[in-house]
Amino acid sequence: MMDTSTLTPYVTNLDRPVFALRNLPEEVVAVLFAYYSRSTGGLRENLAKLAEDGDIAVGAGETEDVDLARAREKAREFHEKWVVGYGHSSVAEHAVVHLAVEDVSILASKVIEDARLASFTEKSTRYVVFDEDRYYAPPCFADSTVYREACRFLLGTYASLMPGVIEEVRKRRPRTEKQSQRGWDTACKAAACDVLRYILPTSTRTNIGITANARTLEHLLAKLMSHPLQECRDLGESMKREAQIVVPTLIKYAARSPYLVESGEALDSLAEAVGPSAGGAVSCQGDHVSLVSGPANPELDLAAALVYEHSERPWAEVRQAVEALGPEKRREIIEVAVRGEESGGFRARFDQPIRALEHLYYTFEITLDFGAFRDIQRHRMATQSRQRLTDAWGYSTPPEIAEFGLSDIFAECMERASNAYQTLVPVDRDAASYVLPLASRVRVLFTWNLRELHHFISLRSGKQGHASYRRIAQDLWKALHERDPLMAEFIRVDMCDYGLSRA
């Protein structure tokens, strides 16, 4: 049996069936996992063989300065053969890259974060006051006074209003006996940031932390390199350059995709037949949620899907048998799976509903402010199709703007942004969106499965959420309940209006 005693620096144990890897290059990790599909030996055996063959230098007690050059080279050879040569791209899913992307615009950040299988952490508009001098200026507007003045006015107004709004929040929500001074200060600042984030232009610079496997990253890079925005194309090149230091082979061929570019341009032209927007740049207080489509017989489909896994009959027979059971029995089946413990069911507060709920899909069209979309987009277990950000659908105004006597300055911000946008559109229609504030409203088509709706509505309707997406979560529940009451009945939803209570 091969000696694995020298592997201590690379595995968390030498004798148990479950262990973690450490101190290894990501591409080497990918190779080791790939061996599972080609080797009868375990991972530690294969790692020891790399050491025995001189592909990696190991020694008992080594933890620092391990020479991994040969292992990296062998990994590259493996990936060139299996990933590049034979298209065995699933191997790339075992190599994980962590990227820090800083000083990226909020607009471009939404393009980056439109990746379902990656993980992102972004600078928060709730807990961080953004710098009034930091905004992205696209090359096409390098000499534009209109662009520069609009962005500076929005960010300058945001910064100048912040101290007064924090003080206004402090007056309206005094510190309770249970709150520490620091906790209260933080909560008041967060509430003020929630109000004033509506003024931030999408050109505002933010930071993002990204964790993605190499396969997902390759797709993301191709999308960025093929995007209409120059910033996105530049980011794609920069991200590839840095990621190749970690996974030089697995994203080697990430590049501009003629398919993405040409199909996007063709669809842009074809969409002109639909006609121009019928919207208008007016202030709209309420977001709009519309349930576009859903299953024809959700109770039957869900009950049958829940029973199917516990049956030995084919789907058609299960569905027919469940239909014959009648509505009361179908309800009982559904209740067993989704009723919460607070009403006598099995599902505890943090339990996810049974996965069979994913067989039911609902599509909603939502018109919402871009700041709210920034939060909702994080729920990537959904298919999201966002229209271009324009001034066509006006903007949302938080009630605190009027309560704090800021209506005039807020309206001036929105008007200046809209005027600048209209001036810049003929130069570059896509880049003109940078000048629009987070209050600007955008339309998005979301398709959620029922299981994800449980998660989204219960989480985003909660007391700690921002008022804008809390309303959307509540309206989603209302729309679902109106169409399919039983599907909505056991979704935990908070229908209260808390305002600034988080402070």
>> Would you compute the distance between atom CG of Leu21 and atom NE2 of His94 and round it to the nearest 0.5 angstrom?
In response: 10.5 Å

> Under 30°, 30 to 60°, or over 60°: which ring-plane class applies to Phe370 and Phe373, parallel, tilted or perpendicular?
Replying inline: tilted

>> If you apply the rule side chain to side chain contact (heavy atoms under 4.5 Å, CB included), what do you find for Val425 with Thr390, and how did you get there?
In response: CA-CA 9 Å; Val425 162; Thr390 73; over 6 Å; no

> Salt bridge or not for Glu332 and Lys329, using N-O below 4.0 Å?
Replying inline: yes

>> Donor-acceptor pair, distance only, cut-off 3.5 Å: does the side chain of Thr204 make one with the backbone of Leu200?
In response: no

> What is the minimum heavy-atom distance between Ala243 and Leu99, and which atoms define it?
Replying inline: N-CD2, 4.2 Å

> Which value, rounded to the nearest 0.5 Å, describes the distance between Ile112 atom CD1 and Met239 atom CE?
Replying inline: 5.0 Å

>> Whether Glu113 and Lys110 form a salt bridge (side-chain N of Lys/Arg under 4.0 Å from carboxylate O of Asp/Glu) is what I want to check.
In response: yes

> Between Thr383 (side chain) and Trp448 (backbone), is there a donor-acceptor pair under 3.5 Å?
Replying inline: no

>> A side-chain contact here means heavy atoms from C-beta on lying under 4.5 Å apart; do Tyr434 and Leu436 qualify?
In response: no

>> Has Asp369 got a side-chain atom pairing as donor or acceptor with Gly371's backbone, closer than 3.5 angstrom?
In response: yes

> Under the 3.5 angstrom rule, does the side chain of Thr216 hit a backbone N or O of Ala212 as a donor-acceptor pair?
Replying inline: no

>> Once rounded to the nearest 0.5 Å, what's the spacing between atom CG of Leu224 and atom NE2 of His219?
In response: 13.5 Å

>> Measuring only between side-chain heavy atoms, which start at C-beta, is Met225 closer than 4.5 Å to Ser257?
In response: no

> Does Gln474 reach the main-chain N or O of Cys496 with its side chain, forming a donor-acceptor pair under 3.5 Å?
Replying inline: yes

>> Is the shortest side-chain heavy-atom distance between Asp494 and Arg470 below 4.5 Å?
In response: yes

> Judged by modelled atom types alone, do Asn449 and Tyr362 share a side-chain donor-acceptor pair under 3.5 Å?
Replying inline: no

>> Please check this pair: side chain of Ser238 against backbone of Leu235, looking for a donor-acceptor N/O pair closer than 3.5 Å.
In response: no

> Would you call the rings of Phe456 and His379 parallel, tilted or perpendicular, where under 30° means parallel and over 60° means perpendicular?
Replying inline: perpendicular

>> Looking at Arg116 and Arg380, would you say the former's side chain and the latter's main chain have a donor-acceptor pair under 3.5 Å?
In response: yes

> Should Trp477 and Leu453 be marked as a side chain to side chain contact (heavy atoms under 4.5 Å, CB included) after you check the CA-CA gap, both sets of side-chain angles, and the distance that decides it?
Replying inline: CA-CA 9 Å; Trp477 185 87; Leu453 279 171; over 6 Å; no

> Is Arg134 paired with Asp103 through a side-chain N to carboxylate O contact shorter than 4.0 Å?
Replying inline: yes

>> With a sphere of 6.0 Å drawn around OH of Tyr308, does it hold more than 12 non-hydrogen atoms of other residues, nucleotides or ligands?
In response: no

>> Can you give me the closest heavy-atom contact between Glu341 and Ala348, atom names plus distance?
In response: CD-CA, 3.6 Å

>> Does Arg205 qualify as a cation-pi partner of Tyr136, given the criterion of NZ or CZ under 6.0 Å from the six-membered ring centre and within 45 degrees of its axis?
In response: no

>> What I want to find out is whether Arg388 reaches Asp268 closely enough, with some N-O distance under 4.0 Å, to be called a salt bridge.
In response: yes

> Would the number of heavy atoms belonging to other residues, nucleotides or ligands and lying under 6.0 Å from CD of Gln320 be above 12?
Replying inline: no

>> Does the plane of the ring in Tyr198 sit parallel, tilted or perpendicular to the ring in His466? Use 30° and 60° as the thresholds.
In response: tilted

> Taking all atoms of both residues into account, what is the closest heavy-atom pair of Ala420 and Ala150, and its distance?
Replying inline: CB-CB, 3.7 Å

>> Are the side chains of Met495 and Lys478 in contact, using a 4.5 Å heavy-atom criterion?
In response: yes

>> So that I can tick it off, tell me whether Arg330 and Glu299 are bridged by a salt bridge, with the cut-off set at under 4.0 angstrom between side-chain N and carboxylate O.
In response: no

> Could you state the interatomic distance from CG (Leu302) to CD1 (Ile333), rounded to the nearest 0.5 Å?
Replying inline: 9.0 Å

>> As an exercise, state the distance from CG of Leu486 to CD of Glu335, rounded to the nearest 0.5 Å.
In response: 7.5 Å

>> Pair Leu438, Ile199 - check side chain to side chain contact (heavy atoms under 4.5 Å, CB included), show working.
In response: CA-CA 6 Å; Leu438 298 190; Ile199 297 175; over 6 Å; no

> Is there a donor in the side chain of Arg233 and an acceptor in the side chain of Gln230, or the other way round, less than 3.5 Å apart?
Replying inline: yes

> Would Lys123 count as a cation-pi partner of Phe130, with NZ or CZ less than 6.0 Å from the six-membered ring centre and within 45° of the ring normal?
Replying inline: yes

> How far apart are the closest heavy atoms of Val195 and Pro398, and which atoms are they?
Replying inline: O-CG, 4.1 Å

>> As a quick check of understanding, evaluate side-chain hydrogen bond (donor to acceptor under 3.5 Å, both in side chains) for Thr363 and Thr447, giving each step before the final call.
In response: CA-CA 4 Å; Thr363 297; Thr447 298; 2.8 Å; yes

>> Strictly below 4.0 Å, N to O, side chains only: are Asp301 and Arg319 in salt-bridge contact?
In response: yes

>> Are Leu476 and Ile366 packed together at the side-chain level, in the sense that at least one heavy-atom pair is separated by less than 4.5 angstrom?
In response: yes

> Short question: side chain of Arg483, backbone of Gly294 - any donor-acceptor pair under 3.5 Å?
Replying inline: yes

> Going by distance alone, is a donor N or O of one side chain under 3.5 Å from an acceptor N or O of the other, for Ser203 and Ser105?
Replying inline: no

> Do Ser418 side-chain atoms and Glu415 backbone N/O form a donor-acceptor pair below 3.5 Å?
Replying inline: no

> For Arg441 and Leu389, which heavy atoms make the closest approach, and how far apart are they?
Replying inline: O-CD1, 4.2 Å

>> Salt bridge or not between Glu412 and Arg416? Use side-chain N to carboxylate O under 4.0 Å.
In response: yes

>> Please tell me whether Gln422 and Asp391 have a donor and an acceptor in their side chains that are separated by less than 3.5 angstrom.
In response: yes

>> What's the separation between atom CG in Asp351 and atom CZ in Arg349, rounded to the nearest 0.5 Å?
In response: 12.0 Å

> Are any non-hydrogen side-chain atoms of Arg378 and Arg460 less than 4.5 angstrom apart?
Replying inline: yes

>> Please find the pair of heavy atoms, one from Cys151 and one from Val435, that lie closest to each other, and give the distance.
In response: SG-CG2, 4.3 Å

> Any side-chain heavy atom of Val128 within less than 4.5 Å of one from Thr206?
Replying inline: no

> Which is it for Arg355 and Glu358 under the salt bridge (charged side-chain N to carboxylate O under 4.0 Å, His left out) test, yes or no, and what are the steps along the way?
Replying inline: CA-CA 6 Å; Arg355 194 169 184 181; Glu358 294 180 11; 3.3 Å; yes

> Checking side chain to side chain contact (heavy atoms under 4.5 Å, CB included) for the pair Met381/Arg451: CA distance, chi angles, key distance, verdict?
Replying inline: CA-CA 10 Å; Met381 284 301 295; Arg451 190 183 191 211; over 6 Å; no

>> Checking side-chain polar atoms at under 3.5 Å, does Glu218 have a donor or acceptor matched by the opposite partner on Tyr253?
In response: no

>> Salt bridge or not between Arg197 and Asp375? Use side-chain N to carboxylate O under 4.0 Å.
In response: yes

>> Within the 4.5 Å heavy-atom criterion, are Met162 and Cys193 side-chain neighbours or not?
In response: yes

> Are there more than 12 heavy atoms of other residues, nucleotides or ligands under 6.0 Å from atom CD of Glu342?
Replying inline: yes

> Short question: side chain of Ser226, backbone of Ala222 - any donor-acceptor pair under 3.5 Å?
Replying inline: yes

